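Some notes on the structure that comes next.
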Amino acid sequence: MIKTRRSVGGRLSDAAQWALIGMYLLGSFGILLLAVVRTGDGGALLDPGLDRLDDPKVAVPLGWDSAANPLVWIFGVARLIALLIVPVAAFGVILGGLSAAAARRDGDRRRLNRSLLRIVTWVVLFAVAFSPYGEQLHNWLAD
C-alpha cells in the first residue's frame, strides 16, 4: 500500500512539472508566436518588442474578455508563470531532484532518467530566461 502512494505522488509530481513547463512555454513562446502571426513580422520572433509586436495582451485572440472565459484564465496564468520563471524554475528543479532521489532509492532507472530530463529542461529554460533574448522577451511580456 505504501508503494502505491509513493508512485501516485511521484506521478503527480511528474505531471505537475510537465504542466508547469508547458504553461511556461505557452505563456512565453506561445504568446510570442501568436503575436508574430498576428502582425506578420517573422523577424520579430528573434527580436520581440513593443515597437514590432504591440502589447502581448492584444496578441491573444480570446474573444470576449471576461473573467468567465476560461481562455483568459489559461493564458493569464501561463503568462504569469512566464513572468515568474525564476521561482517556478527553482521549484521545478527541486521537484525534479526529489523525484530523482526517490527513483534512485527505488532503483527505477527509467523514472530517474525522466527526472533528470526534467531537471535539464528547467535549467535550459532558466538559462534562456537569463540570456539577452530571454530578457527582451520577458520585458515584452511584462508590458
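Computed from a predicted model, the values in this text were never measured in an experiment. Below, each value reflects all heavy atoms present in this structure, side chains not excepted, and no hydrogens, waters or symmetry copies.
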(message) Walk me through whether Arg109 and Asn113 qualify under side-chain contact (heavy atoms from CB on, under 4.5 Å).
(response) CA-CA 6 Å; Arg109 186 114 173 114; Asn113 288 339; 4.0 Å; yes
Linked, directly or transitively: [X] and [Y] (ILVMFWY side chains, under 4.5 Å):
X: Leu84; Y: Leu141; value: yes
X: Leu25; Y: Val37; value: no
X: Val93; Y: Trp18; value: yes
X: Leu125; Y: Val77; value: yes
X: Leu20; Y: Ile94; value: no

(message) For Thr121 and Arg118, which I'm curious about, is there any donor-acceptor pair between the side chains at under 3.5 Å?
(response) no
(message) Hydrogens and angles aside, do Asp54 and Thr39 bring a side-chain donor and acceptor to less than 3.5 Å of each other?
(response) no
Could you tell me the separation between the [atom1] atom of [X] and the [atom2] atom of [Y], rounded to the nearest 0.5 Å?
X: Phe75; Y: Leu26; atom1: CZ; atom2: CG; result: 4.5 Å
X: Leu137; Y: Asp47; atom1: CG; atom2: CG; result: 11.0 Å
X: Gln17; Y: Leu12; atom1: CD; atom2: CG; result: 10.5 Å

Which atom names give the shortest non-hydrogen contact between [X] and [Y], and what distance separates them?
X: Arg79; Y: Ala142; result: NH2-C, 4.1 Å
X: His138; Y: Leu83; result: NE2-O, 3.0 Å
X: Gly96; Y: Ser115; result: O-CB, 3.9 Å
X: Trp122; Y: Ala89; result: CE3-CA, 3.6 Å
X: Leu32; Y: Pro48; result: CD1-CB, 3.7 Å
X: Met23; Y: Ile74; result: CE-O, 3.6 Å

(message) Walk me through whether Val86 and Phe130 qualify under side-chain contact (heavy atoms from CB on, under 4.5 Å).
(response) CA-CA 9 Å; Val86 174; Phe130 278 101; 3.5 Å; yes
(message) Looking at Gln136, I want to see if its CD is surrounded by more than 12 non-hydrogen atoms of other residues, nucleotides or ligands under 6.0 Å.
(response) yes
(message) Are more than 12 heavy atoms, taken from residues, nucleotides or ligands other than Arg104, located less than 6.0 Å from that residue's CZ atom?
(response) no
(message) So does Leu95 get a backbone contact from the side chain of Ser99, meaning a donor-acceptor N/O pair under 3.5 Å?
(response) no
(request) Could you tell me whether a side-chain N or O of Arg52 sits under 3.5 Å from a main-chain N or O of Leu45, the two making a donor and an acceptor? (result) no
(request) Indicate the ring-plane relationship of Phe29 and Tyr24, choosing parallel, tilted or perpendicular according to the 30° and 60° boundaries. (result)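 Taking Tyr24 first and then Phe29, their aromatic rings stand perpendicular (interplane angle over 60°).
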